[in-house]
K.L.:
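Below you'll find the structure I mean.
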Amino acid sequence: MSKSNFSSLSSVPKAWPFEEAVRLIEHLDGKQDKSDKPALLETGYGPSGLPHIGTFGEVARTSWVLQAYQVLTSKQAYILAFSDDMDGLRKVPDNVPNQEMLRQHLGKPLSRIPDPFGTHDSFGAHNNAQLCSFLDRFGFKYEFASATDYYNKGRFDAALKRVLEVHDEIVSVVGATLREERRASYSPILPIHPETGIVMQVAMDKIDPVNGTVQWRDENGKAFETQVKGGQVKLQWKADWAMRWYALGVDYEMSGKDLIDSVKLSSKICRILGGRPPVNLTYELFLDDKGQKISKSKGNGLSIEEWLRYAPEESLAQYMFNAPKRAKRLFFDVIPKATDEYLKNVSDLQALEKDITIEEDAKKDKIFSNPAWFIHKQHLPEKVGSPISFAMLLNLASVANAERAEVLWGFLKRYDAKVSAENNPMLAKLVDYALAYYADFIRPKKEYRAPDEHEKAALQDLAQEISSLKNKEVHADELQNLVFSIGKKYEFEPLRAWFGCLYEVLLGQKEGPRFGMFIALYGIEETIQLINKAINRSKT
RNA sequence: GAGCCGGUAGCUCAGAUGGUAGAGCAUUCGACUUUUAAUCGAAUGGUCGUGGGUUCGAUUCCCACCCGGCUCACCA
C-alpha cells in the first residue's frame, strides 16, 4: 500500500508495531466485507493456567500494534481477550485447593466445575476473573469473551453448522497431522455428554448439517444424537480457533513459536470454512537462564510477581517491547538492564518532545519509534523517569550494604541534594526495588572473610570507640578520623590494608564507601552489630 | 524429520533501507577523596560465522554452506 495513505506521516515509523499495523491494514484492505467494522485483534488464553508473564507480553504487544494501527488510520479497533473456559479439565492443577473435589470433575468443561476457591460460580469463572483483574491491573484496554458464554448464547451456531458441512474435509486435513490411532477417533466436534457432562473425544457416526446434529456413542456403547447449537458441543481446539476466526472475523492474533504448526493448520481450517485467517505474528519463546523454554508446569524462569518485586512494570513492558521475534532469556539478570533501558527511553522522549530544532516529520518518526511512547500509551505522565539509573542504585546498595531506604537516600542526597521522593516518585520506587534486588541477589553472593587476631582486636576497639559516641551528635568526619586513628594505632601497613579489612570482613567486598560516612548513614548501633557478627564468624 | 531464531570487542548485546562499526560490563590510566568506593574523564580492544554473487564499494542486499540454540511432531 502506498505510504501516502497514512495520516500525516510521510513514512511508516520503523518500530515493529508499525510494521505489524501495516500488515493489518493490508489484510483489512483485502477483505470482502468493506463495512467499517472495527479491526478485531484477539488474544487467547489457555483455561486452566493462571495469567503469567507470557500473557502480559502477548496483551502488551497486541496493544502496541493496535496503538500503531490507530495512529496510522485513526480507525476503530479493539482487543478481544478470549478465554477458552469450556475446555475440559485434563489434569488437576497442584497449586489449587480441593484437589479431591476437582478429581471428580475431570473431563468436564471448566465452566461446569465448582470453583475450588469457593469464590465464583465455577472454576472457569474464577480463572476468568483472575485474568481480568490481571489485565486491569496493568491498564490494558480489552473486551473480555468467555467461550462458554459465546457457545451458550448461540454466537457460534451458524459457524458450527458450517463446520458440519465441511466436517469430512476438516477431518482429512487434521487427520494428516495425527498418528494413526488418533486419526480413527478424530472429529472437530466434541459433544458434551448429556449425562456425565464430560467433553467427549469420539468419532462421529453421522453428521447431519441440515438438522445441525451429530450422532455418536460413548465408551459404554450408548448412542446419542446431539444438537451442535447452544453449547451442547464444543470444538477441538485447533478447529475451535479456526471457527472463532471465521465466526468473529478476527483480523490479527499473535502466538508463540510453539504454535507455528497449529496456526498453519487452523488457517487451513479457517479457509475451508470460507473465512480468511487473521494476520499472525509468531513471537519467540522466553527462555530461562539455561536456555530452556519457560513453562508454567516446570516453574522455571521468572514469574511476573517476581519481576515486579524488583522493578516497575514499565521495565517489564520495555523487555517485552524489544524484538519479539528474537529468543530472549528471562531471568533475574535482565531486570536491571530492562529498567535502565526504559529510563533512557523516557528521558530521550522527554528531550525529543521539547526539541524545537528538529524537523516535524523526523520528530514524529523518532517519537513513534520510542518504546516509552508505546509503554505510556502515547502520553508521558508528569514526573516519570529517574535522574539516577537503576544500575547505579544497585551499586550503591551493594557498596553501602544498604538494608534500609534511608541509607540509600543518604548517599543519594550527597550525590545530588535536589533529589527527593516527592520530586522523583520513580526514583523512590527504584530505591525500594534496588534494596530488594540487592538483598536477594547480590548480598547472598558476597564472601565475608574472617578477621585474623590482629584485625579482630582493631575491630573490637573500633566497636568500643564508636559505642561511646552513641546518642551523640556525630559528624561523618569525626567518625572518619576515628576509623583512621584506629588504623594508625594498630599499625596497619600500608594503611589501606585496614580499610580493605573493613570492606572484606564487614561488607564482604573488596571495596567500599568512605567508612566514616558509612557508619554515619548505616547507624552506629548497626555497625557495632556488624562488627560483632564478623568477630563471631571468626570463632567458628 | 519439519520449522523458528541467532552467530558483531574478553562477556552481554545494539546497529547500519550498502560507504571499512557502537553501548554496558570487564581491563588499563587519570580526576575527585587524609586510604578505599560510587561518580566523572580517557585509553585499549573487532579481517561484523565461512565461501560465492550483485556493486565503484558489503559486515549491511542475494545465494549456498558451517556452527549454536530452541520449538513442534500426544494434549492444549
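Worth saying up front: this structure is predicted, and the values here are computed from it rather than measured. Each chain gets a letter, A, B and so on, in the order its sequence line appears, and its residues count up from 1. Side-chain atoms are counted along with the backbone in the values below, which use heavy atoms only and exclude waters and symmetry mates.
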K.L.:
Does K344(A) pair with D340(A) as a salt bridge, N-O distance under 4.0 Å?
P.N.:
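Not counted as a salt bridge, because no side-chain N and carboxylate O are separated by less than 4.0 Å.
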K.L.:
Are Y310(A) and D440(A) close enough, and set up right, to give a side chain to side chain donor-acceptor pair (under 3.5 Å), and what steps lead you there?
P.N.:
CA-CA 9 Å; Y310(A) 305 110; D440(A) 291 351; 2.4 Å; yes
K.L.:
Just the rounded figure in Å: distance from P of A76(B) to CG of D84(A).
P.N.:
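Distance, rounded to whole Å: 10 Å.
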K.L.:
Could you tell me if the ring centre of W64(A) sits under 6.0 Å from that of F321(A)?
P.N.:
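W64(A) vs F321(A): aromatic centres under 6.0 Å.
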K.L.:
Whole Å only: how far is the CZ atom of R182(A) from the P atom of C74(B)?
P.N.:
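To the nearest whole Å, that distance equals 10 Å.
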K.L.:
C11(B) pairs with which nucleotide, Watson-Crick or G-U wobble, both distances below 3.5 Å?
P.N.:
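Because both required distances fall under 3.5 Å, C11(B) counts as paired with G24(B).
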K.L.:
C74(B), OP1 or OP2 - any side-chain N/O from R179(A) closer than 4.0 Å?
P.N.:
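So the side chain of R179(A) is within the cut-off, an N or O lying under 4.0 Å from OP1 or OP2 of C74(B).
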K.L.:
If I take atom CG in residue L259(A) and atom P in nucleotide C74(B), what distance separates them, rounded to the nearest angstrom?
P.N.:
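From L259(A) CG to C74(B) P: 15 Å.
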K.L.:
Can you check the distance between A9(B) and A21(B), where both ends of the measurement are the C1' atom (answer in whole Å)?
P.N.:
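My reading of the C1' atoms in A9(B) and A21(B) gives 10 Å.
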K.L.:
If we call it a pair only when both distances are under 3.5 Å in a Watson-Crick or G-U wobble match, what pairs with A76(B)?
P.N.:
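When the pairing criteria are applied, nothing turns out to pair with A76(B), so the answer is none.
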K.L.:
Under 4.0 angstrom, heavy atoms only, what part of the nucleic acid is L502(A) near: base, sugar-phosphate, or nothing?
P.N.:
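The residue L502(A) makes no contact with any strand.
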K.L.:
Answer yes or no: is there an ion pair linking E180(A) with R183(A), defined by an N-O contact shorter than 4.0 Å?
P.N.:
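Here E180(A) does not pair with R183(A) in a salt bridge, since their nearest N and O are not under 4.0 Å apart.
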K.L.:
So what does K238(A) hit on the nucleic acid, given a heavy-atom distance under 4.0 Å: a base, only sugar-phosphate, or nothing?
P.N.:
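Nothing, no heavy atom under 4.0 Å.
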K.L.:
If you check every side-chain atom of M392(A), which of A38(B), A76(B), U34(B) has the closest atom?
P.N.:
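Looking only at side-chain atoms, M392(A) lies closest to A38(B).
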K.L.:
For I442(A) and A38(B), give me the distance from atom CD1 to atom P, rounded to whole Å.
P.N.:
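One finds 14 Å between P of A38(B) and CD1 of I442(A), rounded.
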K.L.:
Taking U8(B) as the reference, what is the distance to C13(B) when you measure between their C1' atoms (whole Å, please)?
P.N.:
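Their C1' atoms lie roughly 9 Å apart.
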K.L.:
Describe the nucleic acid contact of K257(A) in one word from base, sugar-phosphate, nothing, applying a heavy-atom distance below 4.0 Å.
P.N.:
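Answer is base: heavy atoms of K257(A) come under 4.0 Å of a base.
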K.L.:
When you get a sec, tell me which of C13(B), C75(B), C4(B) is the closest nucleotide to the side chain of K337(A)?
P.N.:
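So the side chain of K337(A) is nearest to C13(B).
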K.L.:
Using Watson-Crick or G-U wobble geometry with both distances below 3.5 Å, tell me the partner of A31(B), or none.
P.N.:
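Pairing partner: U39(B).
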K.L.:
Does the structure show a Watson-Crick or G-U wobble partner for A58(B), both distances under 3.5 Å? Name it, or say none.
P.N.:
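The base-pairing partner of A58(B), which may sit in any strand shown, does not exist here.
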K.L.:
When rounded to the nearest Å, what value does the distance between C1' atoms of U12(B) and G3(B) take?
P.N.:
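Straight-line distance between the two C1' atoms is 27 Å.
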K.L.:
To the nearest Å, how far apart are D261(A) CG and A76(B) C1'?
P.N.:
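Rounded to whole Å, this separation is 14 Å.
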K.L.:
For C40(B) versus A23(B), give the span between their P atoms, rounded off to a whole number of Å.
P.N.:
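It works out to 14 Å between them.
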K.L.:
Using heavy-atom distances to pick each residue's nearest nucleotide on RNA chain B, tell me which of T177(A) and L190(A) is more 5'.
P.N.:
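Nearest nucleotide further toward 5': that of T177(A).
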K.L.:
Could you measure between the two P atoms, the one in C74(B) and the one in U17(B), and give it in whole Å?
P.N.:
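Going atom to atom, P in each nucleotide, I get 44 Å.
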K.L.:
Tell me: CG of L281(A) to C1' of G3(B), nearest whole Å?
P.N.:
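About 16 Å, once rounded to whole Å.
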K.L.:
Counting heavy atoms from C-beta on, name the nucleotide in A76(B), U71(B), U34(B) closest to the side chain of D258(A).
P.N.:
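Selected nucleotide: U71(B).
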K.L.:
Does G516(A) or E284(A) map to a spot on RNA chain B nearer the 5' end, using the closest nucleotide for each?
P.N.:
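So the residue in question is E284(A).
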K.L.:
Quiz question: going by heavy-atom distance under 3.5 Å, is there a donor-acceptor pair between the base of U39(B) and the side chain of N395(A)?
P.N.:
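Checked by distance alone, the answer is no.
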K.L.:
In this structure, how many angstroms lie between the P atom of A76(B) and the CG atom of L265(A), rounded?
P.N.:
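One finds 12 Å between P of A76(B) and CG of L265(A), rounded.
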K.L.:
Salt-bridge test for D87(A) and R90(A): reply yes if a basic N is under 4.0 Å from a carboxylate O, no otherwise.
P.N.:
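Yes, D87(A) and R90(A) are salt-bridged.
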K.L.:
What is the separation between atom CG on L178(A) and atom P on A76(B), rounded to the nearest whole Å?
P.N.:
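The answer, rounded to whole Å, is 10 Å.
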K.L.:
Just name whichever nucleotide pairs with C4(B), Watson-Crick or G-U, keeping both distances under 3.5 Å, else none.
P.N.:
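Paired with C4(B), as far as the under-3.5 Å criterion goes, is G69(B).
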K.L.:
If I pick the P atom on U60(B) and the same atom on U54(B), what distance separates them, to the nearest angstrom?
P.N.:
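It works out to 15 Å between them.
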K.L.:
Is E455(A) paired with R449(A) through a side-chain N to carboxylate O contact shorter than 4.0 Å?
P.N.:
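Looking at E455(A) together with R449(A), the answer is yes, because their closest N to O distance falls below 4.0 Å.
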K.L.:
Which value, in whole Å, describes the distance between the C1' atoms of nucleotides G30(B) and U44(B)?
P.N.:
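It comes out at 14 Å once rounded to the nearest Å.
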K.L.:
Taking only the C1' atom of each, what is the distance from G19(B) to C5(B) in whole angstrom?
P.N.:
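Nearest-Å result for G19(B) against C5(B) at atom C1': 29 Å.
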K.L.:
Let me know which of E26(A), E19(A), E20(A) forms a salt bridge (charged side-chain N to carboxylate O under 4.0 Å, His left out) with R23(A).
P.N.:
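Among the candidates, only E20(A) passes.
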